[in-house]
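First the structure, in the form of structure tokens, and then the observations on it.
All residue numbers refer to positions in the sequence shown, counting from 1. In what follows, every heavy atom counts, from backbone to side chain, and hydrogens, waters and symmetry copies are set aside. None of the values given here were measured: they were computed from a predicted structure. Note that ligands are numbered from 1 as they come in the structure, with each ligand's atoms numbered from 1 the same way.
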Amino acid sequence: MRIGIVCYPTFGGSGVVATELGIALAEKGHIVHFITYDRPVRLGAGLANIFYHEVRVSDYPLFDYQPYELVLTSKLVDVVKHERLDLLHVHYAIPHASAAWMAQQILRSQGVWIPFITTLHGTDITLVGKDPSFEPVITFAIEHSDAVTAVSESLREDTYAHFPVKRSIQVVPNFICMEHYQGLVDRRVRERFAPNGEKLLVHVSNFRPVKRVQDVLAMFKQLRNELPVHLLLIGDGPERQHMESICRAERTCDEVFFLGKMTEPESILANCDLFVLASETESFGLAALEAMACGVPVVSSNTGGTPEVVEEGVSGLLSPVGDVDAMTANGMSILSDPATHARYKEGALRTAAKFDLKLVLPLYESLYSEVVERMKANGIHQ
Ligand code: GMT
């Protein structure tokens with residue numbers, strides 16, 4: 001199949017999932033065209049069957065806001081026609097789904113028929129999407145997509161709860177390639193960040209307020225009274241400076257390491273003892289899944305899709321959002337006893353294996369075939 005993938009090219013989970021999906025499809029022989037404003041951060045160069053089309057928005061002085069959605073639409077029209085695509089798969093509703101619908105209408109007026117699938121990822125529904133200024137467009141784009149998927153049952157329910165949407169939404173969970181996450185133990189990471197045998201906590205996020213990184217720091221502060229621990233923080237974003245100032249005020253700069261954005265966080269994750277996620281909302285929690293795939297158990301807030309990803313008592317422990325005492329107690333109960341820790345590590349691998357690429361990729365492939373066949377059966381195809 002010839003597939004166009006539209007996504008954010010950044011470190012966010014939606015862009016990572018879209019990129020890994022495109023790479024996996026290309027490895028199976030599909031031709032994949034990424035269409036976005038920058039090269040996706042996890043997209044290596046020179047991969048077979050993969051093409052990248054940059055959406056460039058010119059900086060006209062007339063516009064206070066550059067019309068990215070329109071330029072993306074024009075690019076979609078161009079790529080679909082000239083690369084003879086069979087299907088568009090857009091990740092994150094805003095503005096990708098409405099741009100795909102617009103491109104579909106323009107192409108239809110030219111006698112070209114292209115179906116598009118929208119995958120909802122989380123904040124497009126739970127935060128941004130609920131904003132009344134976006135609601136009518138998102139509702140319309142969801143209703144008019146040829147198929148819609150959500151990355152968790154929780155996100156599917158949130159979509160029905162927050163939008164007047166009637167159509168079916170299929171849950172296709174996020175995935176990881178288990179193979180890729182094995183054999184990454186590197187003693188140099190521990191030598192550098194835990195030179196005296198401290199336990200290593202790790203958190204990965206975009207440091208937005210929704211991630212509640214202050215709760216991660218507060219948990220660390222409590223836990224260090226009980227155990228020798230250090231904390232690694234991967235990623236960057238609006239809250240980072242505030243978090244750094246907390247560490248300076250608390251004099252924990254020698255124990256908390258801000259590592260910034262990383263294209264391969266697994267090289268650090270695989271050498272840590274516990275992943276901590278304290279989010280207010282989290283439709284899935286891809287970073288937690290990546291940690292589990294490295295055999296790292298998770299202590300997380302119990303919100304959105306996290307209970308679908310982290311198996312309580314098997315691969316981690318969950319507690320209410322903002323309950324730092326409970327997170328600390330959960331961290332203690334996993335880390336303080338080596339046998340318990342080993343059991344959770346093994347549980348993390350078992351849970352992660354349920355989200356292996358080998359199980360999830362066929363769900364997308366059969367959805368692609370179904371949508372394309374449906375369009376052909378209705379007598380509309382190129
Ligand atoms: O977490 C973010 O703020 C980034 C966001 C994104 O769109 O990239 O992540 C969302 O999509 C990920 C991939 O499906 C999910 O794993 C994250 O849970 C989800 N984030 C939230 O719901 C807050």
Side-chain angles (χ1 to χ4, degrees), residues 5-22 36-38 40-43 89-97 117-131 134 138 148-159 161-162 169-176 203-213 215-216 233-240 261-263 265 269 275-293 298 300-310 316 318 321 351-352 355 357 360 363-364:
I5 292 186
V6 182
C7 64
Y8 284 105
T10 56
F11 288 88
S14 63
V16 169
V17 167
T19 307
E20 301 291 353
L21 176 61
T36 179
Y37 59 84
D38 208 347
V41 289
R42 290 222 190 159
L43 186 65
H89 186 176
V90 305
H91 292 259
Y92 208 88
I94 308 165
H96 302 150
I117 295 174
T118 300
T119 289
L120 306 172
H121 277 274
T123 44
D124 44 355
I125 296 300
T126 55
L127 294 181
V128 189
K130 274 197 283 183
D131 180 336
F134 289 112
I138 296 181
V148 179
T149 72
V151 298
S152 63
E153 190 58 48
S154 152
L155 183 60
R156 180 175 176 273
E157 282 165 21
D158 277 343
T159 308
H162 299 312
I169 298 175
Q170 183 181 338
V171 174
V172 179
N174 288 332
F175 58 85
I176 28 86
H203 166 82
V204 181
S205 79
N206 52 23
F207 284 64
R208 299 227 167 100
V210 70
K211 301 294 178 181
R212 297 183 66 98
V213 185
D215 287 359
V216 178
L233 294 166
I234 300 177
D236 209 329
E239 292 288 296
R240 172 166 170 179
K261 291 178 180 172
M262 281 188 179
T263 47
L269 287 171
F275 184 86
V276 186
L277 192 63
S279 307
E280 185 88 36
T281 70
E282 199 68 64
S283 70
F284 186 90
L286 184 68
L289 177 58
E290 291 189 317
M292 292 191 303
V298 176
S300 170
S301 50
N302 188 354
T303 180
T306 51
E308 296 172 52
V309 179
V310 180
L318 304 163
V321 174
T351 302
F355 296 90
L357 173 70
V360 179
L363 302 179
Y364 276 124

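- Comparing His91, Glu282, Lys211, His121 against atom 1 (O) of ligand 1, the shortest heavy-atom distance belongs to Lys211.
- Here the protein heavy atom with the shortest distance to atom 23 (C) of ligand 1 is Thr281 O, 3.4 Å.
- Between Phe175 and Tyr364, the two ring planes are perpendicular [angle over 60°; tilted spans 30° to 60°].
- Judged by distance alone, the side chains of His96 and His91 never bring a donor and an acceptor atom under 3.5 Å apart.
- Among the atoms of Phe284, some N or O lies under 3.5 angstrom from an N or O of ligand 1.
- Among Thr303, Leu289, Thr126, Leu286, the residue whose heavy atom lies closest to atom 16 (O) of ligand 1 is Leu286.
- Within ligand 1, the atoms closer than 4.0 Å to a non-hydrogen atom of Val151 are 14 (O), numbered from 1 in the order shown.
- Residue Gly285 has at least one nitrogen or oxygen atom sitting less than 3.5 Å from a nitrogen or oxygen atom of ligand 1, judged on distance alone.
- In this comparison of Gly122, Ser283, Gly13, Gly305, the heavy atom closest to atom 15 (C) of ligand 1 sits on Ser283.
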> Checking ring-ring contact (aromatic ring centres under 6.0 Å, His included) for the pair Phe284/Phe355: CA distance, chi angles, key distance, verdict?
Replying inline: CA-CA 12 Å; Phe284 186 90; Phe355 296 90; 5.7 Å; yes

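- Checked options Val6, Thr123, Thr118; the residue passing with Tyr92 is Thr123 (criterion: side chain to side chain contact (heavy atoms under 4.5 Å, CB included)).
- For ligand 1, the polar-atom distance check against Val17 finds no nitrogen or oxygen pair separated by under 3.5 Å.
- Of all the heavy atoms of Tyr92, the ones lying under 4.0 Å from any atom of ligand 1 belong exclusively to the side chain.
- Within the 4.5 Å cutoff, side-chain heavy atoms of Val151 are placed close to those of Thr119.
- Of all heavy-atom pairs between Phe11 and Thr263, the closest is CE2-N, 3.8 Å.
- Under 4.0 Å from ligand 1, the heavy atoms of Asn206 that appear belong solely to its side chain.
- Looking at ligand 1, you'll find an N or O of Asn174 within less than 3.5 Å of one of its N or O atoms.
- For the residue pair Ser301 and Ser279, no side-chain donor N or O sits within less than 3.5 Å of a side-chain acceptor on the partner.
- A distance of 14.0 Å separates OG1 of Thr19 from OH of Tyr8, quoted to the nearest 0.5 Å.
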